[in-house]
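Every chain is numbered from 1, with letters handed out A, B, ... down the list of sequences.
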There are 2 protein chains.
Amino acid sequence: MPLTAEAIQKLKEKMKGKGFKLTGPRRKILEYLAENDGHPSAQEIHAAIRQMLPGTGMATIYRTMDLLARLGLVRALVLNDNRLHYEIDRDGDHHHHLICTGCRRVEEFASCTFEHLIGDIESATRFVVKRHDLEAYGLCPDCAHKARCAGE
Amino acid sequence: MPLTAEAIQKLKEKMKGKGFKLTGPRRKILEYLAENDGHPSAQEIHAAIRQMLPGTGMATIYRTMDLLARLGLVRALVLNDNRLHYEIDRDGDHHHHLICTGCRRVEEFASCTFEHLIGDIESATRFVVKRHDLEAYGLCPDCAHKARCAGE
DNA sequence: AAATAAATGATAATCGGTCTCATTTACCTT
DNA sequence: AAGGTAAATGAGACCGATTATCATTTATTT
Ligand SMILES: [Mn+2]
Ligand SMILES: [Mn+2]
Ligand SMILES: [Zn+2]
Ligand SMILES: [Zn+2]
């Protein structure tokens, strides 16, 4: 479910509103993230942006993703393949990730039950919890099936 | 709560039992992990081992940690500082981590409620879940206090 | 259109982690 | 207890992801 044109416009305005320039690379990166679902790495984003702005350098991707994360527009995720991955932070859509160790497919899941737990953790530890990451690793239905056929 | 001498002995035997040599570095690394609580990085382990076995190379630390993880004796953790951290896998002590973004202090917490959820996730997504990581980031009581004094 | 500070691209540098290979060592076997 | 053997080690090259530097370009303000 890609973002609507209006939602994309909002993102761009948020950026300008905070005093950051809306440059070519930034515009394209925002559009790319908004129009494509998924959890691309910096490298994948770079490859995609280069199709439209061939000169774009890798450093710009890192700088932009860092900025977008600081602005709260994207979320960075650790998917255990020694690179960061990113996704648009659609507000009100808090979810977690299930990663297939067979084919690297990423499935999303929400867990409202778990969210309630944060309060318990806070009172037990006296920490102020700002953010949490939960990733589950396992086998997707396809890979689980293949594994079963191959005999554990 | 460091491990007892007998528990350490068990670890060493487990290693030999599986056909791996109990070498100087391996012995020291096991003892270091068992006797010190915490969540050291490979670099921290290296520094500690070098006090006792000055010649020890970094590659040996990585190789040993990898072996210990494969043997199920240690667990590797992602604490968002772009290096892996490790801890002895005391059996039956499944817990998660709360990381203070102010001072990097790591607190442990268990969450039996959450563990139940894994089954729900499995039936909702049809994935076979093998393992999950949950980390919460926030401010420890001290850092939260300091932040409050400094005025948000 | 000119002025200005921010952003970019090329490139070097850093850093965690892996690989290679000659040398050493633990653990059999005698 | 010495000798044989494969596994483990240490030194250093290597790698891929990310960050830093700096001269040039560009989005915005005038
Ligand atoms: Mn997602
Ligand atoms: Mn722990
Ligand atoms: Zn799969
Ligand atoms: Zn703290």
[X] [atom1] to [N] [atom2], straight-line distance once rounded to whole Å:
{"X": "B/H46", "N": "C/dC15", "atom1": "NE2", "atom2": "C1'", "result": "15 Å"}
{"X": "A/K16", "N": "D/dT29", "atom1": "NZ", "atom2": "C1'", "result": "12 Å"}
{"X": "A/D81", "N": "D/dT18", "atom1": "CG", "atom2": "C1'", "result": "14 Å"}
{"X": "A/I45", "N": "D/dT18", "atom1": "CD1", "atom2": "P", "result": "10 Å"}
{"X": "B/K12", "N": "C/dA26", "atom1": "NZ", "atom2": "P", "result": "13 Å"}
{"X": "A/N80", "N": "D/dA17", "atom1": "CG", "atom2": "P", "result": "15 Å"}
{"X": "B/H85", "N": "C/dG16", "atom1": "NE2", "atom2": "P", "result": "10 Å"}
{"X": "A/M65", "N": "C/dT8", "atom1": "CE", "atom2": "P", "result": "13 Å"}

Summary of protein contacts for nucleotides 3-16 of chain D, nucleotide by nucleotide, where a base hit scores B, a sugar-phosphate-only hit scores S (4.0 Å, heavy atoms): ---BBSBBS-----
Can you sort out which residues in residues 70-78 of chain B have a heavy atom within less than 4.0 Å of DNA chain C? Ascending by number, please. none
In terms of side-chain geometry, is the basic nitrogen of [X] or [Y] positioned less than 4.0 Å from the acidic oxygen of its partner?
{"X": "B/R70", "Y": "B/D66", "answer": "yes"}
{"X": "B/K12", "Y": "B/E31", "answer": "yes"}
{"X": "A/D37", "Y": "A/R90", "answer": "yes"}

Using the C1' atoms of five pairs at each end, what's the angle between the two axes of the helix from C/dA1-D/dT30 to C/dT30-D/dA1, to 10 degrees? 30°
I'd like to know if the side chain of B/D120 pairs up with that of B/H116 as donor and acceptor (distance under 3.5 Å, no hydrogens or angles considered). no
Under a plain distance cut-off of 3.5 Å, with no hydrogens placed, do B/E135 and B/H97 share a side-chain donor-acceptor pair? no
Contacts of type salt bridge (charged side-chain N to carboxylate O under 4.0 Å, His left out), residue [X], not counting sequence neighbours:
{"X": "B/K21", "value": "none"}
{"X": "A/R63", "value": "none"}
{"X": "B/D89", "value": "none"}

Assess the pair B/H96 and A/H132: is the distance between their ring centroids shorter than 6.0 Å? no
Does B/Y62 put a side-chain nitrogen or oxygen below 4.0 Å from OP1 or OP2 of C/dT18? no
Measuring from atom NE2 of A/H46 to atom OH of A/Y32, what distance do you get when rounded to the nearest 0.5 angstrom? 12.5 Å
Take A/L67 and A/R26, measure what side chain to side chain contact (heavy atoms under 4.5 Å, CB included) needs, and give me the verdict at the end. CA-CA 10 Å; A/L67 173 64; A/R26 286 178 179 172; 3.6 Å; yes
